[in-house]
**Student:** 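Submitted below is the structure of interest, expressed as structure tokens.
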Amino acid sequence: MWIAAGGDLHFAPATKVAALQAELRAAASAADLVLLAGDLTASGRPEEAASLAEACADMDAPVVCVLGNHDRRWRDGDVVSSALREAGALVLDPGSHVVEVEGVRVGIAGATGAPGGFGGRPVWGLGPMAARRWRRAARAEARALDAALAELGQCSIRIVLLHYAPTTETLVGEKPHLWAALGSDQLAGPIQRHRPNLVFHAHAHEGAPRGQVGGVPVLNVSAQVIGRPLALVDLAAEPPVSSTQA
């Protein structure tokens with residue numbers, strides 16, 4: 001099974017719609033499923049959402065998305081979500097969705113995620129109240145992700161789609177004091193409990209392409225990391241999830 005996955009497109013009207021559309025459709029034509037990991041627009045404004053929707057319309061494979069922090073800058077992402085849905089994409093905000101690929105039920109659990117940090121380290125540059133707000137948001141997103149994964153128990157393949165990172169392993173390359181703004185270890189809890197086959201995220205433009213949570217592979221598909229809008233991932237080539245947690 002081939003998955004085309006990417007994020008951090010930061011699509012704006014100045015971006016060449018035709019060129020991006022050609023790249024997205026080329027990847028989609030070679031894939032069974034397209035996953036978009038947020039920050040698909042520069043600021044979530046209507047003109048950006050319309051251009052993004054035009055680029056995503058009439059794909060050859062199902063398109064499933066989550067929103068990023070940039071997509072939420074305008075009306076908390078409602079404009080981007082509406083445009084994508086009108087173009088035929090599915091937006092998990094948060095939630096789950098099941099597609100059938102060659103007779104196999106594939107479940108996707110998606111959420112934006114949130115910042116918040118890792119290992120209880122202080123959040124650089126934030127006061128205590130703001131840091132607590134981040135962590136509360138991360139706990140809420142983790143609960144939503146847990147519920148979405150619980151809905152996929154009958155699926156042969158289960159995939160998590162996030163914007164923020166659930167592990168520091170895919171943040172290596174970013175300045176460590178920024179890690180708290182790029183993800184939260186709260187998001188790792190549902191992954192460790194439900195043990196999906198694969199996790200995708202974006203947001204860490206300077207991060208590492210690959211990590212893991214309890215033996216579950218985690219791929220950072222930020223366009224700045226993979227060097228193109230979408231990467232093609234062969235699910236069969238990913239290492240199997242071990243029965244014991246690392």
Side-chain angles (χ1 to χ4, degrees), residues 1-9 11 18-40 52-53 55-68 84-85 87-92 95-111 148-149 151-152 154-163 165-167 169-170 191 194-204 207-213 215-242:
M1 177 180 172
W2 287 92
I3 300 169
D8 296 331
L9 305 181
F11 205 89
L20 179 57
Q21 186 177 58
E23 290 197 57
L24 293 177
R25 288 184 176 177
S29 68
D32 301 296
L33 179 64
V34 177
L35 301 178
L36 299 179
D39 275 6
L40 308 177
L52 171 68
C56 290
D58 302 320
M59 291 286 198
D60 291 335
V63 180
V64 182
C65 317
V66 296
L67 300 181
L84 285 168
R85 288 171 176 141
L90 189 91
V91 182
L92 302 178
S96 65
H97 182 65
V98 178
V99 298
E100 191 164 303
V101 179
E102 297 181 352
V104 176
R105 285 172 58 83
V106 180
I108 305 101
L149 277 165
E151 295 171 349
L152 303 179
Q154 301 303 312
C155 293
S156 301
I157 296 172
R158 293 168 302 137
I159 297 167
V160 168
L161 181 62
L162 296 165
H163 181 61
T167 173
E169 292 188 10
T170 50
I191 296 167
H194 294 277
R195 305 191 61 73
N197 297 80
L198 193 56
V199 177
F200 292 99
H201 77 83
H203 196 43
R210 179 180 293 270
Q212 60 87 32
V213 169
V216 177
V218 177
L219 303 184
N220 176 4
V221 291
S222 171
Q224 292 74 21
V225 171
I226 62 179
R228 52 195 183 278
L230 295 175
L232 279 173
V233 177
D234 182 1
L235 186 63
E238 291 299 319
V241 177
S242 61

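As a basis for the values below, the full set of heavy atoms in this structure was taken, side chains included, without hydrogen atoms, waters or symmetry mates.
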**Student:** Holding to side-chain hydrogen bond (donor to acceptor under 3.5 Å, both in side chains), I want the full list of residues that pass it with Ser222, two or more places apart in sequence or in another chain.
**Tutor:** Asp8, Gln224

**Student:** side-chain contact (heavy atoms from CB on, under 4.5 Å) with Ala27: which residues, sequence neighbours excluded?
**Tutor:** Ala4, Leu230

**Student:** Looking at every heavy atom in both Val199 and Pro166, which two are closest together, and how far apart are they?
**Tutor:** CG1-CG, 4.3 Å

**Student:** Spell out, as yes or no, whether a donor-acceptor pair under 3.5 Å connects the side chain of Arg210 to the backbone of Pro217.
**Tutor:** no

**Student:** State the CG-CG distance between Leu24 and Leu52, to the nearest 0.5 angstrom.
**Tutor:** 8.0 Å

**Student:** Applying side-chain contact (heavy atoms from CB on, under 4.5 Å), can you list everything that pairs with Asp234, at least two apart in sequence or on another chain?
**Tutor:** Trp2, Ala236, Ala237

**Student:** Any idea which heavy atoms bring Met1 and Leu33 closest together, and the distance?
**Tutor:** CE-CD2, 3.9 Å

**Student:** Which value, rounded to the nearest 0.5 Å, describes the distance between Ile3 atom CD1 and Ile159 atom CD1?
**Tutor:** 3.5 Å

**Student:** Should Val233 and Leu35 count as side-chain neighbours, where that means a heavy-atom distance under 4.5 Å?
**Tutor:** no

**Student:** Locate the shortest heavy-atom distance separating Val221 from Ala37; write the atom from each residue and the value.
**Tutor:** CG2-CB, 4.3 Å

**Student:** State the CG-CD1 distance between Leu235 and Ile157, to the nearest 0.5 angstrom.
**Tutor:** 5.0 Å

**Student:** If I compare all heavy atoms of Ala31 with all of Leu232, which pair ends up nearest, and what's the gap?
**Tutor:** CB-CD2, 3.9 Å

**Student:** Quick check: closest heavy atoms across Pro196 and Leu149, and the distance to 0.1 Å?
**Tutor:** CB-CD2, 4.3 Å

**Student:** Could you state the interatomic distance from CD1 (Ile226) to CG (Asn220), rounded to the nearest 0.5 Å?
**Tutor:** 8.5 Å

**Student:** How would you list, by chain and number, every residue that makes a side-chain contact (heavy atoms from CB on, under 4.5 Å) with Ala87, sequence neighbours excluded?
**Tutor:** Ala53, Ala57

**Student:** Given side chains that start at C-beta, do those of Leu90 and Pro62 come closer than 4.5 Å, heavy atoms only?
**Tutor:** no

**Student:** Considering all heavy atoms of both residues, which atom of Pro229 and which atom of Ala223 are nearest to each other, and what is their separation?
**Tutor:** CA-CB, 4.4 Å

**Student:** Between Arg25 and Asp58, is the side chain to side chain contact (heavy atoms under 4.5 Å, CB included) condition met? List the steps.
**Tutor:** CA-CA 8 Å; Arg25 288 184 176 177; Asp58 302 320; 3.8 Å; yes

**Student:** Can you list, pair by pair, the side-chain donor-acceptor contacts under 3.5 Å of residues 96-110, counting residues two or more places apart and other chains?
**Tutor:**
| unit_1 | atom_1 | unit_2 | atom_2 | d |
| --- | --- | --- | --- | --- |
| Ser96 | OG | Glu151 | OE1 | 2.4 |

**Student:** Is there a donor-acceptor pair under 3.5 Å between the side chain of Arg85 and the backbone N or O of Val91?
**Tutor:** yes

**Student:** Who passes ring-ring contact (aromatic ring centres under 6.0 Å, His included) against His163, sequence neighbours left out?
**Tutor:** His203

**Student:** Nearest 0.5 angstrom please: Ile191 CD1 to Leu198 CG, how far?
**Tutor:** 10.0 Å

**Student:** To the nearest 0.5 Å, tell me how far Phe11 CZ sits from Leu36 CG.
**Tutor:** 11.5 Å

